[in-house]
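Fair warning: this is a prediction, and the values are worked out from it, not measured in the lab.
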Amino acid sequence: MKKYYLTKFLFSLVLIISILSSFAQTTEPMFRSSLRDKSGNLWFTCIGKGVYRYDVATDKFTNFTKDDGLNDNNIESVLEDKAGNLWFSTEKGVCKYDGNSFTDVSAKTGLCKFDINFIYEDRTGNFWICTNGWGVSRYNPGSGSVITFTKEEGLGSNCVQCALEDKVGNLWVGERDGGVSRFDISSGKFSKVNSDGCLSSNTMDIKEDKAGNIWFANLYSGVCRYDGKTFTHFMEATGLCNDTVDCIYEDRKGNILFGSNYGKLSGRGGICKFDGKSFISFSTLEGLDSIGVFTIVEDNDGNIWIGARNGLFRYHAPSRRFVNYTYKVDSNK
C-alpha cells in the first residue's frame, strides 16, 4: 500500500514539473502596454523581454533590454513626454530613453525603485508616478522635487494603477482596492470619487474621448462613463461584450475599444468596440479566440494593434480579421 502511494506521489510530482517546464519554455512575450510615438513608430512593452520598437518604414522590430541600458526587463507602461523622450515604468523603478541611451531616473531622483505601474505627464510638465503599494508621486524634472501622496493624503489605496488629467485640468487616478480619486490643487490632497456604484474598487485604466467623456475600466464590473455630470454604467448584462476590462482606446474614427483579459460570462478575453450606439465583439471569427488583451494602439495607417497575454495581433481590414504578428517580433524578416 505504501508503495502505491509513493508511486502516485512521484507521478504527480513529475506531472507538476512537466507543466511548470512547459510554461517556462513559452517564448511568446506578454505585451503590457503600447504607444505610437511622434515619428509614427510603435512601442510595445513586455514582461521579461523589455520593450519592442516597430519601425513602420522598414516593417521591422527592434528589441531593447537590460543589455541596452534598461533598468529592468519587466516593463509595465510607456509614455512619450512633450520633448519626445520615452519613459518606462518597470519593476525596478522609472527609466527614460532620449533616443540614444537609457537613464535610470529612480536611482538619480529618489523616486520609488519598485513596482511602478504607470507614468503620466500633466500639462505643467510634472510626472505622476503610480506605484504598486507606495501611492503616487509627483516629480518635477526642473526642480528635481518629489512629493508622494498616499492614503494619508486622501487616496483610496496605495496601489495606484493609472492616471489622467482631463481637459479642464482635473487629475484622476485609478486604484486597486480603492476605486478612483481626484486631486484637489487648492488643498494638495486627493478625495474619493462618489459615482453611486458605477465605479468599482479596482480601476485598471482611465481615458478621455474626443467629446470630453471620461471612461473608467472596472476590473470585473464593466466600464463607467462620466460626461461631466452623470455616470453611466455598462456591463455584459446591458450589452458590453465583457465585464472584465483592462484597457481603453479611442481610434481615429471615434470608436471606443475595450480590451479584456478574461470574461465572467464569456469565459474568454478579447476586444469590444463601441460606436456610440452599440457594442460589437471581436471573437473567434476575427481570429481572437481566448486572447487576453492588455493594450490597444492604432498606427498611422489606421491599423489596430493588440498586445496580449499570448502575443501581438494586427487588424487586417480587407479580411476583417486580426492577424497574429508575434512571429515577426523576434525575426529580421
Side-chain angles (χ1 to χ4, degrees), residues 32-35 45 75-82 85-91 93-96 105-106 109 111-112 114-141 145-185 187-193 195 199-209 212-219 223-226 245-250 259 294-297:
R32 292 293 299 168
S33 69
S34 57
L35 168 78
T45 70
I75 316 292
E76 281 292 332
S77 71
V78 55
L79 162 78
E80 184 177 27
D81 66 20
K82 295 178 177 66
N85 301 301
L86 296 180
W87 296 67
F88 300 97
S89 61
T90 81
E91 288 191 0
V94 177
C95 197
K96 185 175 77 171
V105 179
S106 293
T109 61
L111 285 169
C112 183
F114 310 98
D115 295 341
I116 308 298
N117 289 327
F118 192 79
I119 305 173
Y120 187 83
E121 183 184 17
D122 66 24
R123 63 187 62 186
T124 63
N126 290 313
F127 291 86
W128 295 84
I129 314 300
C130 305
T131 75
N132 190 29
W134 293 270
V136 58
S137 296
R138 184 177 63 193
Y139 168 57
N140 185 315
S145 68
V146 176
I147 301 176
T148 299
F149 304 86
T150 64
K151 292 179 69 175
E152 293 183 359
E153 287 75 38
L155 286 177
S157 167
N158 288 334
C159 297
V160 183
Q161 190 72 27
C162 53
L164 169 80
E165 184 182 34
D166 63 27
K167 293 178 181 178
V168 298
N170 294 311
L171 183 83
W172 309 70
V173 296
E175 304 149 356
R176 288 269 196 169
D177 297 321
V180 175
S181 299
R182 188 164 48 194
F183 185 64
D184 186 334
I185 298 177
S187 67
K189 293 186 177 182
F190 284 88
S191 60
K192 185 177 178 60
V193 176
S195 65
L199 296 170
S200 75
S201 60
N202 295 292
T203 304
M204 304 302 294
D205 196 10
I206 308 175
K207 290 291 192 302
E208 185 175 24
D209 64 27
N213 298 304
I214 302 176
W215 295 82
F216 303 87
N218 294 330
L219 187 63
V223 296
C224 183
R225 183 183 65 191
Y226 179 62
V245 181
D246 288 89
C247 60
I248 305 171
Y249 186 85
E250 183 179 20
F294 291 119
T295 184
I296 305 168
V297 67

>> Under a plain distance cut-off of 3.5 Å, with no hydrogens placed, do Thr295 and Ser34 share a side-chain donor-acceptor pair?
In response: yes
> Say you draw a straight line from OG of Ser89 to OH of Tyr120; how long is it, rounded to the nearest 0.5 Å?
Replying inline: 15.0 Å
>> Using every non-hydrogen atom in the two residues, find where Val94 and Leu111 come nearest and quote the distance to one decimal.
In response: CG2-CD1, 4.4 Å
>> Holding to salt bridge (charged side-chain N to carboxylate O under 4.0 Å, His left out), I want the full list of residues that pass it with Glu165, two or more places apart in sequence or in another chain.
In response: Arg123
> Going by heavy atoms in the side chains, are Asn218 and Cys224 under 4.5 Å from each other?
Replying inline: yes
>> With side-chain contact (heavy atoms from CB on, under 4.5 Å) as the test, pick out the partner of Ile116 among Ile129, Asn132, Thr90.
In response: Ile129
>> Can you tell me how far apart CG (Leu79) and CD1 (Ile119) are? Round to the nearest 0.5 Å.
In response: 6.5 Å
>> Does any part of the side chain of Leu171, heavy atoms only, come nearer than 4.5 Å to the side chain of Phe190, both counted from C-beta?
In response: yes
> Quick one: CD1 on Ile206 to SG on Cys247, what's the gap to the nearest 0.5 Å?
Replying inline: 14.0 Å
> Between the main-chain N or O of Lys151 and the side-chain N or O of Asn158, is there a donor-acceptor pair closer than 3.5 Å?
Replying inline: yes
> Is it true that the side chains of Thr124 and Asn126 contain a donor and an acceptor less than 3.5 Å apart?
Replying inline: yes
>> For Asn202 and Gln161: C-alpha separation, side-chain torsions, deciding distance, then whether side chain to side chain contact (heavy atoms under 4.5 Å, CB included) applies.
In response: CA-CA 9 Å; Asn202 295 292; Gln161 190 72 27; over 6 Å; no
>> Donor-acceptor pair, distance only, cut-off 3.5 Å: does the side chain of Thr148 make one with the backbone of Ser137?
In response: no
> Which pair of heavy atoms, one from Ser33 and one from Thr45, lies closest together, and at what distance?
Replying inline: OG-OG1, 2.7 Å
>> side chain to side chain contact (heavy atoms under 4.5 Å, CB included) for Trp134 and Asp115? Distances and angles first, verdict last.
In response: CA-CA 9 Å; Trp134 293 270; Asp115 295 341; 4.2 Å; yes
>> Quick one: does any side-chain atom of Asn117 pair with a main-chain N or O of Val160 as donor and acceptor, under 3.5 Å?
In response: yes
>> I'd like to check the disulfide bond (SG atoms under 2.5 Å apart) partners of Cys95; sequence neighbours left out, ordered by chain and number.
In response: none
> Is it true that Trp128 and Phe149 have ring centroids separated by less than 6.0 Å?
Replying inline: yes
> Is there a donor-acceptor pair closer than 3.5 Å between any side-chain N or O of Glu175 and the backbone N or O of Leu155?
Replying inline: no
> Going through the checks in order, is the side chain to side chain contact (heavy atoms under 4.5 Å, CB included) test met by Val136 and Phe118?
Replying inline: CA-CA 9 Å; Val136 58; Phe118 192 79; over 6 Å; no
> What distance do Arg32 atom CZ and Ile75 atom CD1 have between them, rounded to the nearest 0.5 Å?
Replying inline: 12.0 Å
>> Is there a side-chain contact between Pro141 and Phe127 in this structure, where contact means two heavy atoms from C-beta onward sitting under 4.5 Å apart?
In response: yes
> Between Met204 and Arg176, is any pair of side-chain heavy atoms under 4.5 Å apart?
Replying inline: yes
>> side chain to side chain contact (heavy atoms under 4.5 Å, CB included) for Asp81 and Trp87? Distances and angles first, verdict last.
In response: CA-CA 8 Å; Asp81 66 20; Trp87 296 67; 2.8 Å; yes
> Could you state the interatomic distance from OG (Ser157) to NZ (Lys192), rounded to the nearest 0.5 Å?
Replying inline: 9.5 Å
> To the nearest 0.5 Å, what is the distance between CZ (Phe183) and NZ (Lys189)?
Replying inline: 11.0 Å
>> Assess whether a salt bridge exists between Glu250 and Lys207, defined as any Lys/Arg side-chain N lying under 4.0 Å from an Asp/Glu carboxylate O.
In response: no
> Would a distance-only check, ignoring hydrogens and angles, find a side-chain to backbone donor-acceptor pair under 3.5 Å from Ser181 to Val173?
Replying inline: no
